[in-house]
Amino acid sequence: MTENTASHSNASIARRRFLSLAAGAPAVMAQSRRRRPPNVVMLFADDMGYSDLGCYGNPVIRTPNLDAMASQGMRMTSFYVAASVCTPSRAALLTGRYPMRAGQPNNLGPDSKGGLPLREKLIPELLKTQGYRTMMIGKWHLGHDPVAQLPTSRGFDSYFGLLYSNDMIPPWVKTSRPLELYRDTKPVEIVGDQSDLTQRYTEEALKFIRAAAKDPFFLYLPYAMPHLPVSARAPFAGRSRAGVYGDTIEAIDWSAGEILSTLKKLGLDENTMVVFSSDNGPWHDLPQRMFAGGVEAWHTGTKGMLRGAKGSSWEGGFRVPGIARWPGVIPAGQVSAEMASTLDLLPTFAAAGGAALPSDRKYDGSDLLPFLKGSAPAPRKDFLYYVGDRLHGIREGPWKLRAPEGEKAELFHLDRDPAEMYDVLERYPDVAARLAVRMKSMAAELATPGG
């Protein structure tokens, strides 16, 4: 072989290698993108009823963005929060533990000291071990005095929002502390008109997503509404046939749409898991203190066929919308009546992000990813209904035993009777007895927080 022929042959080999590598580059790049931990966005409404969204049966409130989100992933019809009031529900979401176990079973107020125990490890703290950027926008309600209780001391790089519920000011609550918007650890303004909070939170969320787009990120957005007092600003004010309450829901739907649209524009859509839910059911049976400042009884949500509401241990207090979307990972068009809970979100987000769970504590949730992907049944076997520090009931499969201390025990088959109309305890005493034993065992286990 001549020198020229050899050079030509070597050049051909090199060229073929280059073309082969170039042809494989998109696949390598795609594989690299897939290996990057997914972004996680948690959207959390406040006091939204089970049937406030179109995809959950509301006949007049228009929620096209959340309806589309549900059609593009999984809509869960037996999705539960771990408490039917604000603070303990949020504690359970962020810790993956029942509020009794996490040491925060009751609500906090504007003048409360302390809060969610500092020993608890929150979702953002786990994800930061995997390089996540983290931000919280909205209602915290897990403690604000001392400053170590604030979100920026609990795993969030930055924070913008209200420290507690939007009604925790006169005339609804006796306090001398004004309702303030915080930026990280400092108040930046006193809130008077609340009607633009959803828009302002959304603007902050979009800024964060754009700024964090090159890194994996966790965004936690617990909206201020539809917790009373409800209000909305143009273009949402006066738009809904359901009145001002419907206006606030439609504003939240717009917010979800803006976030999903921005993820798509930035090319992050297929590498982002988005979950939407509510902290508890609608606030019916209002205390007299709430009938002031223009609040009306009908400024609250709907629960469909469910019985009870916020503050109760009936389904209407605990069962809420639950939507999960992750294109290419969670198959579209799924609707499931299997049990799942906000307790399951910490293990799910940790698994998605590659974060290990601390081994020094017990979790009350399980990784939902195989279930959401359609490759495994839902992992949850039972669910406990706590009201404050009292265990009111337990669900196992379709069976729910409701037995608050001092009340007659009742047994319901929730698949046949989601409205809890028909007590069948006398017909199935063995089921009731088995559940009573399990309930007693769990009450004893969770009586000592921190385990």
Side-chain angles (χ1 to χ4, degrees), residues 44-52 56 76-109 116 139 141-142 164-168 222-228 276-287 290 297 299-322 339-345 364-365 380 382-395 400-407 410 412 414 418-420 439 442-443 446:
F44 210 39
D46 194 333
D47 289 7
M48 176 181 282
Y50 178 80
S51 57
D52 281 345
Y56 281 86
M76 292 168 275
T77 60
S78 290
F79 192 73
Y80 289 91
V81 288
S84 61
V85 292
C86 302
T87 297
S89 177
R90 292 155 200 276
L93 165 68
L94 289 173
T95 65
R97 287 148 58 86
Y98 280 111
M100 276 292 291
R101 199 189 297 281
Q104 190 59 63
N106 296 302
N107 264 349
L108 297 171
L116 181 66
K139 173 179 163 180
H141 213 177
L142 290 173
Y164 37 78
S165 299
N166 60 323
D167 71 325
M168 290 187 168
Y223 297 97
M225 296 186 189
H227 194 290
L228 294 169
F276 179 89
S277 190
S278 174
D279 68 339
N280 46 249
W283 197 4
H284 296 169
D285 302 318
L286 295 175
M290 289 307 301
H299 287 175
T300 59
T302 56
K303 57 194 179 183
M305 84 292 282
L306 303 180
R307 182 176 179 180
K310 174 179 179 175
S312 79
S313 54
W314 301 104
E315 291 295 288
F318 280 80
R319 199 188 295 205
V320 294
M339 269 195 296
S341 170
T342 51
L343 289 162
D344 301 313
L345 295 180
D364 296 301
R380 179 160 295 280
D382 57 29
F383 177 78
L384 304 177
Y385 299 78
Y386 263 95
V387 176
D389 58 1
R390 301 294 179 184
L391 182 54
H392 278 210
I394 184 170
R395 176 175 176 177
K400 176 179 179 179
L401 177 68
R402 186 176 179 276
E405 186 177 351
E407 295 185 30
E410 297 175 283
F412 302 99
L414 293 178
E420 298 172 285
M439 188 171 159
M442 290 305 298
L446 271 68

Derivation of the side chain to side chain contact (heavy atoms under 4.5 Å, CB included) call for D46 and K139: CA-CA 9 Å; D46 194 333; K139 173 179 163 180; 2.6 Å; yes
N280 vs C86, side chain to side chain contact (heavy atoms under 4.5 Å, CB included): CA-CA, chis, key distance, verdict: CA-CA 7 Å; N280 46 249; C86 302; 4.2 Å; yes
Side chain to side chain contact (heavy atoms under 4.5 Å, CB included) between M48 and F276, intermediate numbers included: CA-CA 11 Å; M48 176 181 282; F276 179 89; 3.8 Å; yes
R90 and T95: CA distance, side-chain angles, deciding distance, side chain to side chain contact (heavy atoms under 4.5 Å, CB included) verdict: CA-CA 8 Å; R90 292 155 200 276; T95 65; over 6 Å; no
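Distance check: I394 CD1 to S313 OG gives 13.0 Å after rounding to the nearest 0.5 Å. For the atom pair OG1 of T300 and CG of D47, the computed distance is 9.0 Å after rounding to the nearest 0.5 Å. Between the CG atom of L345 and the CG atom of L94 there is a distance of 9.5 Å, given to the nearest 0.5 Å. Remark: L343 CG to L93 CG distance equals 9.0 Å, nearest 0.5 Å.
In this structure, S312 contributes its side chain and A309 its backbone to a donor-acceptor pair below 3.5 Å. Of the possible polar contacts, none joining the S78 side chain to the M339 backbone as a donor-acceptor pair under 3.5 Å is found. Using a distance-only test at 3.5 Å, with no hydrogens or angles considered, a donor-acceptor pair links the side chain of H141 to the main chain of L108. Not one N or O on the side chain of H299 forms a donor-acceptor pair closer than 3.5 Å with the backbone of H227. A donor-acceptor contact shorter than 3.5 Å is absent between the side chain of R395 and the backbone of K400. One N or O on the side chain of Q104 and one on the backbone of N106 form a donor-acceptor pair closer than 3.5 Å. With hydrogens and angles disregarded, a donor-acceptor distance shorter than 3.5 Å links the side chain of S51 to the backbone of G304.
In terms of heavy-atom proximity, R319 sits nearest to T77 at NH1-O, 3.1 Å. Residues P88 and P105 come closest through the heavy atom pair CG-O, 3.5 Å. Here the closest non-hydrogen pair linking V387 and G311 is CG1-O, 3.9 Å. Closest approach of M168 to Y164, counting heavy atoms only: CB-CD1, 3.6 Å. Counting all heavy atoms, side chain and backbone alike, P321 lies closest to S277 at O-OG, 2.7 Å. Closest non-hydrogen pair, P282 versus G49, comes out as CD-CA, 3.5 Å.
At least one side-chain heavy atom of E420 sits under 4.5 Å from a side-chain heavy atom of W314. Between V320 and T342 the shortest side-chain heavy-atom distance does not fall below 4.5 Å. With contacts defined as side-chain heavy-atom distances shorter than 4.5 Å, the pair Y50/F79 does not qualify. Side-chain atoms of W283 and L228, non-hydrogen and from C-beta on, do get closer than 4.5 Å to each other.
Under 4.0 Å is where a charged nitrogen must lie from a carboxylate oxygen, and between D279 and K310 no such pair does. Taking a cutoff of 4.0 Å between a charged side-chain nitrogen and a carboxylate oxygen, K303 and E315 do not qualify as a salt bridge.
Ring geometry for F318 against Y385 counts as perpendicular: the plane angle is over 60°, on a 0 to 90° scale with 30° as the lower cut.
In D382, the CG atom is crowded: over 12 heavy atoms of neighbouring residues, nucleotides or ligands sit closer than 6.0 Å.
In terms of the side-chain contact (heavy atoms from CB on, under 4.5 Å) criterion, residue partners of E407 (sequence neighbours excluded) are, by chain and number, R402, P404.
Checked by atom type, the side-chain pair T302/D52 shows a donor-acceptor distance below 3.5 Å. Between the side chains of N107 and T87, at least one donor-acceptor pair of N or O atoms lies under 3.5 Å.
In this structure, Y223 has its ring center at least 6.0 angstrom away from the ring center of F44. Between Y80 and F383, a ring centre-to-centre spacing shorter than 6.0 Å is recorded.
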